[in-house]
Amino acid sequence: MLTPGGAASRAWRQLQQALVACWRDPAATAEQAASYRGRQYHAVLRQLPMSSSGNAVTALALCAIFWNKADRGILLGLTLVIWILGAINFWLWQQRKPMAASTPVSIRTLRAFALLIAAAAACFVAMLGYLFGVADGGGRLLLTAVLAAFIAMGSWMCACLPLTGIAWGLTMCAGTALIFATRQEMVYTYLLGLLGVYTVVVVATVLVSSRVFLAGLKAETEIERQKQLVGLLLNDFEANASDWLWETDRQGCLSHVSVRLAEAMGVAPAALQGRPLLELLASMHPLPTNDQAAMLAGLGACLAQGSPFRDLVVSAQVAGQPQWWSLTAKPLLDASGRHQGWRGVGSNITAVRQRELEMQRLAHVDTLTGLANRHQFGQRLAGYFASGQAVVPCSLLLLDLDNFKTVNDSLGHAVGDQLLQEVARRLSAQVGADALLARLGGDEFALIVRGRLSREQAERYGAQLQAALAQPWRVDNHSIEVHASIGVGFAPADAGTAEQLLKVSDMALYAAKAAGRHTLRFFDPAMDVRARHKLGLLSDLGLALQRGEFVLHYQPQMELASGALLGFEALVRWQHPVRGLVSPLEFISLAEESGLIVPLGAWVMRQACLDAMHWPAHLRVAVNLSAVQFGNADVLHTLQDALQHSGLACERLELEITESTLMRDSQAALQVLHALRSQGVRVALDDFGTGYSSLSYLRSFPLDKLKIDRSFISLMDNPAGDSSAVAIVQAIIQLAQALHLETTAEGVETLAQRDTLRRIGCLQAQGYLIAKPMDALQTRSFIAGWLVAPPSGLVA
């Protein structure tokens with residue numbers, strides 16, 4: 001005797017079996033079943049936009065119809081939930097749209113999708129059930145019609161995927177039954193009975209429709225496979241071509257092994273027969289890499305999809321050597337269209353692949369450091385400024401090592417290369433995945449960061465990079481301090497093109513180096529103005545000598561004790577025809593950078609010697625010698641030429657050099673200084689106290705005078721200034737006395753400064769207190785007036 005519970009259990013099992021039969025053919029392989037499920041799933045997803053739009057519009061219409069009859073909060077809440085579920089359906093449709101219709105789908109995915117559809121049906125029934133409670137007779141009739149329409153339409157639209165169609169139909173029918181059961185009118189009792197019949201019809205219709213759809217899928221697959229039944233190559237291909245054939249059965253095992261295939265794999269044909277192709281290729285990688293795994297995964301995906309493929313590259317190792325093969329294949333189908341395996345052709349493309357990889361590596365990687373090179377950097381940077389699109393915000397940090405040239409020159413290029421490699425390693429450890437670190441050349445590095453960093457973020461990033469370099473690097477018993485200057489530019493705030501961003505960042509880097517190095521600077525529009533001004537000056541500077549635009553002014557030097565006039569310092573001035581008098585602070589550094597300081601310095605030395613010949617024989621002329629001139633091999637020849645051309649006595653010429661000039665190459669500097677002293681030329685150390693101020697080189701170098709920098713003198717009589725200025729100047733004077741060197745104080749402007757200098761033992765003074773710089777004619781008049789009657793205020 002059957003109980004109601006037993007009958008229900010048996011009916012449920014039969015329904016499950018029917019559902020399984022609708023999405024899986026017992027004779028089909030798991031891959032085929034997954035492919036069928038994918039096509040069924042795809043068919044339903046294609047209808048989601050239409051069905052979801054219908055649900056959303058219907059919910060909105062019901063909301064409008066019953067707006068004044070129902071609780072608006074509940075009504076809006078239910079409508080919102082239906083719209084959210086509709087949005088999820090749209091998202092699923094978008095995600096599935098770019099995929100092939102036969103992409104495999106798991107049963108778990110179908111169950112999850114069925115639950116989503118059931119949830120949508122439940123929400124819709126909940127809304128209609130709520131409205132049933134507030135609607136009048138006409139409204140309930142409308143709601144009943146809507147329920148019937150949605151049960152039929154939803155089940156029919158999802159019928160090609162039976163689980164989904166039944167999930168919709170049963171949920172809607174069950175919810176409708178619950179609505180009818182709660183009503184007291186007899187008509188709903190009749191409707192409840194009819195609803196049971198309607199439910200059976202709906203489920204049966206879904207099952208029948210799904211079987212018809214599945215049969216159509218199988219027929220389409222069979223037709224497609226029959227079209228591909230013809231073989232890829234003729235029988236003589238295997239015997240005559242350099243490529244080799246391969247063939248697998250339904251399980252992916254090699255069913256036909258050609259001689260050439262065995263030779264390519266380096267094993268006997270018998271050893272390959274029956275082995276799975278994917279496992280065989282995987283076993284040929286002792287240490288598989290991500291690229292190799294991706295290649296095999298790609299081959300596995302192609303074999304699983306059942307679609308033909310062409311020129312698919314896979315890698316292998318044969319006799320310890322890497323190889324690359326190109327595979328092309330089509331699936332084998334029997335007369336009924338059932339998948340029987342694969343047949344294809346393979347070719348060895350190792351030589352071609354190696355050339356391609358090497359070209360790619362050389363084109364994108366810096367061979368010394370392994371970082372991205374300038375080419376890859378340019379491509380990445382250009383990507384942020386795609387034509388016709390808005391600029392993608394990014395930040396560019398340019399780094400330049402401050403002391404690399406010193407390391408390279410003193411320890412050799414081999415150590416310099418090792419230093420660059422160490423710098424690349426340290427910087428790489430600080431760079432995230434959203435940034436690209438590149439070496440642009442020499443000791444210059446670039447870092448592109450996606451997104452517009454704030455100034456605080458960029459400063460922290462720069463400090464992090466500088467801190468990574470701060471630890472001294474030891475090589476060959478040398479401890480090398482590594483520091484970097486950083487320039488930062490932002491796009492699109494500072495630049496609208498890749499070239500502009502590189503330019504503004506380079507300007508910021510230049511400003512960082514000018515600020516003392518080992519620092520960070522941001523681009524400022526004023527930098528561009530200064531750069532354009534500098535470029536204009538540089539262009540005019542090349543012609544200034546030819547046009548005779550340079551003139552020399554002379555500032556006197558006086559002995560403090562006696563008030564005697566000792567000589568003059570030659571100061572070059574540029575009288576530009578348009579810009580007027582250009583400050584030496586502007587053009588001297590330009591001349592040094594461009595190398596024009598060498599011919600300009602030669603002219604200054606010759607002209608100063610010529611002008612000094614018009615002075616009394618006891619007066620000296622001091623000429624500044626830049627570091628570039630001092631390092632030039634012709635400096636001694638320039639000196640001799642100036643003296644011979646003018647006839648000036650050697651002891652009347654005094655050359656002023658800075659501390660940094662001596663320290664650039666101390667051995668070479670020592671040789672030059674001894675050569676100058678041997679000819680009788682005096683040497684003064686300019687701006688003493690602002691540089692290294694090392695006692696060791698003061699004892700080593702043949703010097704005659706220390707010139708105390710004006711920055712110390714200006715503070716001596718300033719009540720708000722540095723109280724230790726006098727003590728510093730006195731210490732310099734005592735040091736000079738101990739080394740038997742003369743002292744000249746620069747920038748003396750007040751009598752109080754003169755009196756203090758005289759009291760603490762300074763020998764000479766130079767500054768506006770004595771006279772401002774004068775041209776050659778004014779200098780002669782000044783000398784004549786001084787010799788006749790020295791200024792009493794100065795001599796007192």
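With sequence neighbours excluded, the residues satisfying ring-ring contact (aromatic ring centres under 6.0 Å, His included) with His576 are Trp574. For Trp615, the ring-ring contact (aromatic ring centres under 6.0 Å, His included) partners two or more places apart in sequence, or in a different chain, are Tyr554, Phe568. The ring-ring contact (aromatic ring centres under 6.0 Å, His included) check on His553 picks up nothing, with sequence neighbours excluded.
Distance alone, capped at 3.5 Å, places no donor-acceptor pair between the Gln555 side chain and the Ala570 backbone. Not one N or O on the side chain of Glu593 forms a donor-acceptor pair closer than 3.5 Å with the backbone of Leu590. A donor-acceptor pair under 3.5 Å is absent between the side-chain atoms of Arg439 and the main chain of Phe445, judged by distance alone. With hydrogens and angles disregarded, no donor-acceptor distance shorter than 3.5 Å links the side chain of Gln457 to the backbone of Leu453. Put simply, the side chain of Asp704 gets close to the backbone of Val683: a donor and an acceptor are under 3.5 Å apart.
To the nearest 0.5 Å, atom OG1 of residue Thr750 and atom CG of residue Asp755 are 8.5 Å apart. Atoms CG and SG, from Leu653 and Cys609 in turn, are 5.0 Å apart once rounded to the nearest 0.5 Å. Of the inter-residue distances, the one linking Leu437 atom CG with Leu447 atom CG reads 6.0 Å to the nearest 0.5 angstrom. To the nearest 0.5 Å, atoms CE (Met716) and CD (Gln730) are separated by 10.5 Å. With values rounded to the nearest 0.5 angstrom, Ile733 atom CD1 is found 4.5 Å from Ile708 atom CD1. Put simply, CD1 on Ile480 and CD on Gln471 are 13.5 Å apart, with the number rounded to the nearest 0.5 Å.
Taking the side chain as every heavy atom from C-beta outward, Ile486 and Leu509 never approach each other to under 4.5 Å. Within the 4.5 Å cutoff, no side-chain heavy atoms of Asp775 are placed close to those of Leu552. By the 4.5 Å heavy-atom criterion applied to side chains, Gln421 and Leu368 are counted as neighbours. Cys650 is not listed as a side-chain neighbour of Arg682, based on a closest heavy-atom distance of 4.5 Å or more. At a threshold of 4.5 Å between non-hydrogen side-chain atoms, the residues Glu742 and Leu706 do not count as touching. For the pair Arg426 and Trp473, the minimum side-chain heavy-atom distance is below 4.5 Å. In this structure, the side chains of Val449 and Val431 stay at 4.5 Å or more apart for every pair of heavy atoms. Counting only heavy atoms from C-beta outward, the side chains of Pro616 and Ile783 approach each other to under 4.5 Å.
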Does the side-chain contact (heavy atoms from CB on, under 4.5 Å) test come out yes or no for Leu676 and Leu639, once each step is laid out?
CA-CA 9 Å; Leu676 293 174; Leu639 172 69; 3.1 Å; yes
What do the steps show when you test Thr519 against Arg521 for side-chain hydrogen bond (donor to acceptor under 3.5 Å, both in side chains), and what is the final call?
CA-CA 7 Å; Thr519 186; Arg521 288 292 182 270; 3.1 Å; yes
Walk me through it: do Leu655 and Val681 pass the test side-chain contact (heavy atoms from CB on, under 4.5 Å)?
CA-CA 7 Å; Leu655 298 181; Val681 177; 3.9 Å; yes
Worked check of salt bridge (Lys or Arg N to Asp or Glu O under 4.0 Å) between Glu549 and Arg579
CA-CA 12 Å; Glu549 297 174 2; Arg579 304 175 189 271; over 6 Å; no
Test side-chain contact (heavy atoms from CB on, under 4.5 Å) on Ile588 and Ser626; report intermediate values, then the result.
CA-CA 9 Å; Ile588 290 297; Ser626 77; 5.8 Å; no
Derivation of the side-chain hydrogen bond (donor to acceptor under 3.5 Å, both in side chains) call for Gln766 and Gln557:
CA-CA 5 Å; Gln766 173 183 340; Gln557 297 175 341; 2.8 Å; yes
Give the intermediate values and the outcome of side-chain contact (heavy atoms from CB on, under 4.5 Å) for residues Leu763 and Leu560.
CA-CA 6 Å; Leu763 299 180; Leu560 284 172; over 6 Å; no
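When all heavy atoms of Val748 and Ala765 are compared, the closest pair comes out as CG2-CB, 3.9 Å. Among all heavy-atom pairs drawn from Thr743 and Ala736, the shortest one is CG2-CB, 3.3 Å. Between Leu469 and Ala484, the shortest heavy-atom distance links the atoms CD1-CB, 3.8 Å. What you find for Gln466 and His518 is that their closest heavy atoms are NE2-C, 3.7 Å. The shortest non-hydrogen separation linking Leu581 to Gln575 is CD1-OE1, 3.4 Å. Heavy-atom minimum distance, Leu571 versus Arg573: CB-NH1, 3.5 Å.
Checked against the 6.0 Å centroid threshold, Phe587 and Phe550 count as a close aromatic pair.
Within a 6.0 Å sphere centred on NE2 of His413, other residues, nucleotides and ligands contribute 12 heavy atoms or fewer.
Of the N and O atoms on the side chains of Glu559 and Ser562, at least one donor lies less than 3.5 Å from an acceptor on the other residue. With 3.5 Å as the limit, one finds no donor-acceptor pair spanning the side chains of Asp400 and Ser485.
Identified under the ring pair (Phe, Tyr, Trp, His ring centres under 6.0 Å) test for residues 732-785, with sequence neighbours left out: Phe782-Trp786.
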Please tabulate, one pair per line, all N/O donor-acceptor pairs under 3.5 Å involving side-chain atoms of residues 597-608, not counting sequence neighbours.
residue: Arg606; atom: NH2; partner: Asp641; partner atom: OD1; Å: 3.4
residue: Arg606; atom: NH2; partner: Asp641; partner atom: OD2; Å: 2.5
residue: Gln607; atom: NE2; partner: Asp611; partner atom: OD1; Å: 3.2

Just distance, no hydrogens or angles: give the donor-acceptor pairs under 3.5 Å from side chains in residues 487-504, sequence neighbours left out.
residue: Asp494; atom: OD2; partner: Phe490; partner atom: N; Å: 2.9
residue: Thr497; atom: OG1; partner: Gln500; partner atom: N; Å: 3.1
residue: Gln500; atom: OE1; partner: Gly496; partner atom: N; Å: 2.9

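Screening Lys707, Arg620, Lys705 against Glu569 for a salt bridge (Lys or Arg N to Asp or Glu O under 4.0 Å) leaves a single residue, Lys707.
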